[in-house]
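Read the numbers this way: they start at 1 and go in the same order the structure lists the ligands and their atoms.
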Amino acid sequence: MSIIKSYAAKNAGAELEVWEYDAGELLPEDVEVKVDYCGICHSDLSMIDNEWGMSQYPLVAGHEVIGHVVALGSAAQSKGLKIGQRVGIGWTARSCGHCDACIDGNQINCTGGSVPTILNHGGFADKLRADWQWVIPLPDSIDIETAGPMLCGGITVFKPLLMHHVTATSRVGVIGIGGLGHIAIKLLRAMGAEVTAFSSNPSKEQEVRAMGADHVVNSRSQEALKALAGQFDLIINTVNVDLDWQPYFEALASGGNFHTVGAVLTPLPVPAFTLIGGDRSISGSATGNPSELRKLMKFAGRSKVAPITELFPMSKINDAIQHVRDGKARYRVVLKADS
Ligand SMILES: [Zn+2]
Ligand SMILES: [Zn+2]
């Protein structure tokens with residue numbers, strides 16, 4: 001018996017209630033982590049509300065966990081993790097380990113069926129468990145109070161920078177300056193790239209420049225967007241609403257790439273000539289692999305890239321979730337364990 005105290009949704013859209021569950025025997029490959037902090041991500045709300053039709057109740061959300069190791073399964077004891085070590089857990093808790101994608105180090109695309117942390121019972125709890133591969137060692141240099149959102153929001157926008165080989169000479173645009181977009185700007189600044197923020201709210205300009213944007217463009221201005229034709233090596237879209245995309249496609253330089261991490265529900269209309277004329281391409285991705293998570297946390301620690309967060313005690317979790325639902329989070333909310 002290993003009793004874990006959590007905050008669970010008993011059915012779709014419900015307020016969270018204290019719920020204790022028996023996690024059973026620790027699996028050989030598993031690590032048990034005591035939660036110190038856990039971020040709240042929009043995907044937590046989607047899962048609580050069963051927006052994607054895959055939720056199981058009682059549902060324990062929470063997948064931006066900063067904690068420390070309290071138990072190691074028999075096989076996990078020889079994988080470099082130690083009791084007491086500071087670690088993080090993100091969207092994924094386990095992957096099969098033996099499919100072609102996993103063997104290739106591309107565990108996020110595991111064809112054996114990876115398990116999201118939430119469906120394994122997540123971090124809105126005093127403890128949780130994950131396969132050792134997905135338990136990410138943290139450098140001492142990282143600020144543990146703000147680092148949680150890097151494990152989901154951060155890796156989501158770091159992945160395209162790796163995929164598209166961003167360097168100090170890259171010109172990169174970021175659409176949407178919210179939870180994801182503001183981390184993208186900070187990472188790009190730390191990597192030395194030239195950063196343009198596309199924001200529909202010009203009153204944010206000073207704040208967005210302070211995050212590290214070299215340029216802030218009013219995305220509601222057709223003229224401002226048109227003036228940027230042919231400028232960008234990479235444009236990352238972080239919003240999930242339908243926009244007039246063509247000016248952004250036209251803003252790509254030759255060889256440029258439009259990459260979406262925002263789950264826009266309507267198809268992106270791309271004229272073939274937009275891609276053909278200038279070798280442009282369009283891509284997307286979700287979160288990242290253990291190797292990329294390790295790389296991100298080391299980089300964030302060394303370069304002092306940290307999300308802008310608001311802290312709530314975990315016992316006030318329903319207030320914190322409402323704050324996110326109301327769109328008031330500036331820019332990510334983190335829960336501090338207080339049980
Ligand atoms: Zn696999
Ligand atoms: Zn998330």
Q: Confirm or rule out an N/O/S atom of C152, from backbone or side chain, lying less than 2.8 Å from the Zn ion (ligand 2).
A: yes

Q: Can you name the nearest heavy-atom pair linking P290 to Q133, along with the distance?
A: CB-O, 3.3 Å

Q: If only side-chain N and O atoms count, and only distance matters, is there a donor-acceptor pair under 3.5 Å linking S315 with D338?
A: yes

Q: Judged by atom type as modelled, is there a donor-acceptor pair below 3.5 Å linking the side chain of D126 to the main-chain atoms of K5?
A: yes

Q: Distance check below 2.8 Å: does C96 bring an N, O or S atom to the Zn ion (ligand 1)?
A: yes

Q: Heavy atoms only: give me the nearest L26-L72 pair and the separation to one decimal.
A: CD2-C, 3.5 Å

Q: Nearest 10°: the angle subtended at the Zn ion (ligand 2) by H63 NE2 and C41 SG?
A: 110°

